[in-house]
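Atoms considered below: every heavy atom in the structure, side chains included; atoms not considered: hydrogens, waters and symmetry mates.
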Amino acid sequence: VLLTVHYTADPIGNSPEKIEMLQRRLGGRGSWKWRKEMEMDANAQSGESVFDPQWLDLQERKHVRSPLKRMEVGGEGKLYEKSDGRIRIWIMPDQDPAGLPAGVESALMTFGVGMDVGAGTGQSDSSIEGFAVQGMEQAFEFNSNSVEPAQLGRIAVAIARFYNDALICCVQKMHGLTAIRTMADECNYGHLWRNVQHDHFKETAQGGRIGWVHGENSQALLMDNMGDALQSADESAVDVLSSRGVIVHSQLLLEQLRQYVYDESGRPTLSKNKILNSAARKQHGDCVVGAALGIRACMD
């Protein structure tokens with residue numbers, strides 16, 4: 001028989017010092033984490049923000065800014081500067097990473113790219129989001145609801161090659177498979193993220209399985225990883241944010257991060273889509289999924 005009892009049932013094991021430590025770790029007695037973990041409220045998570053609002057506020061004050069430049073993909077698959085280009089650039093690929101050791105004058109930065117693929121028929125957005133591995137800083141962003149999957153694959157390859165042959169992590173399901181085939185077969189781009197087999201102790205590479213095969217909102221493997229990377233920081237932790245947490249420059253991405261809440265089952269979902277059933281929610285791709293996959297590419 002398995003019984004779950006309230007923490008007050010064990011006043012010796014749960015000393016005041018331990019309770020105080022747990023309160024700090026879980027965000028205080030009023031937080032949903034405390035209510036769910038300690039007060040056994042199964043619905044405490046519903047409607048709560050997936051990403052820490054304090055962290056998002058700090059990002060908006062410190063890092064959100066206009067792009068350094070805008071670019072487009074030319075006929076030969078090369079990027080060129082254009083005032084109204086759809087590719088918004090914050091970091092150029094030839095920029096030196098911060099904190100180079102003494103005696104090292106320059107170094108090649110590496111980048112991770114995430115892709116969420118829509119149908120390109122004017123409904124949900126497709127997105128391509130890129131981050132620098134060194135410093136986890138947002139490098140670029142592309143989003144459109146009118147680019148069909150094969151063309152999106154060509155755009156992604158052009159951007160990835162521009163960014164020092166970046167690693168691309170693309171959703172595999174539905175239209176993602178078309179984009180992956182275009183990148184691998186037509187564009188002959190080999191630096192594509194491959195799925196791994198997870199168990200309790202290790203991750204094992206699965207040869208031949210290119211792309212993110214899990215659902216877009218896979219909480220444990222995607223959104224939770226992103227939430228861990230977006231480490232909350234108060235004003236006293238500003239100095240460590242650049243070295244430890246992700247830096248977001250896009251106002252669009254930040255606004256979409258604010259929209260993500262947990263539904264009644266504890267799954268991340270856009271707040272405006274919470275009233276939809278789970279099948280309908282899957283039709284809405286956005287920049288957050290692309291960013292989460294880009295961060296995953298950087299982590300790997």
Going by side-chain contact (heavy atoms from CB on, under 4.5 Å), name the residues that satisfy it together with Q134, two or more places apart in sequence or in a different chain. P97, M109, T110
Just jot down the side-chain contact (heavy atoms from CB on, under 4.5 Å) partners of K78, sequence neighbours excluded, or say none. E76
Give a yes-or-no answer on whether the side chains of E137 and H63 include a donor-acceptor pair shorter than 3.5 Å. no
Only counting residues at least two apart or in another chain, list the ones meeting salt bridge (charged side-chain N to carboxylate O under 4.0 Å, His left out) with R70. none
Which side-chain hydrogen bond (donor to acceptor under 3.5 Å, both in side chains) pairs, counting each pair once, include a residue from residues 148-166, with sequence neighbours left out? Q151-R154, R154-E186
Restricting to side chain to side chain donor-acceptor pair (under 3.5 Å), what partner residues turn up for E141, sequence neighbours left out? R88, S250
Kindly write out the residues that satisfy side-chain contact (heavy atoms from CB on, under 4.5 Å) with A291, not counting sequence neighbours, or none if the list is empty. E129, F131, M226, L253
With E17 via salt bridge (charged side-chain N to carboxylate O under 4.0 Å, His left out) - residues at least two apart: none
Sorted by chain and residue number, the salt bridge (charged side-chain N to carboxylate O under 4.0 Å, His left out) partners of K69 (sequence neighbours excluded) come out as E81
Taking only residues two or more places apart in sequence or in another chain, which ones pass side-chain contact (heavy atoms from CB on, under 4.5 Å) with A119? T121, H175
How would you list, by chain and number, every residue that makes a side chain to side chain donor-acceptor pair (under 3.5 Å) with S144, sequence neighbours excluded? S146
All side chain to side chain donor-acceptor pair (under 3.5 Å) counterparts of R86, not counting sequence neighbours: E72
Return the set of residues passing salt bridge (charged side-chain N to carboxylate O under 4.0 Å, His left out) with E60 (not counting sequence neighbours), or none when no residue passes. R258
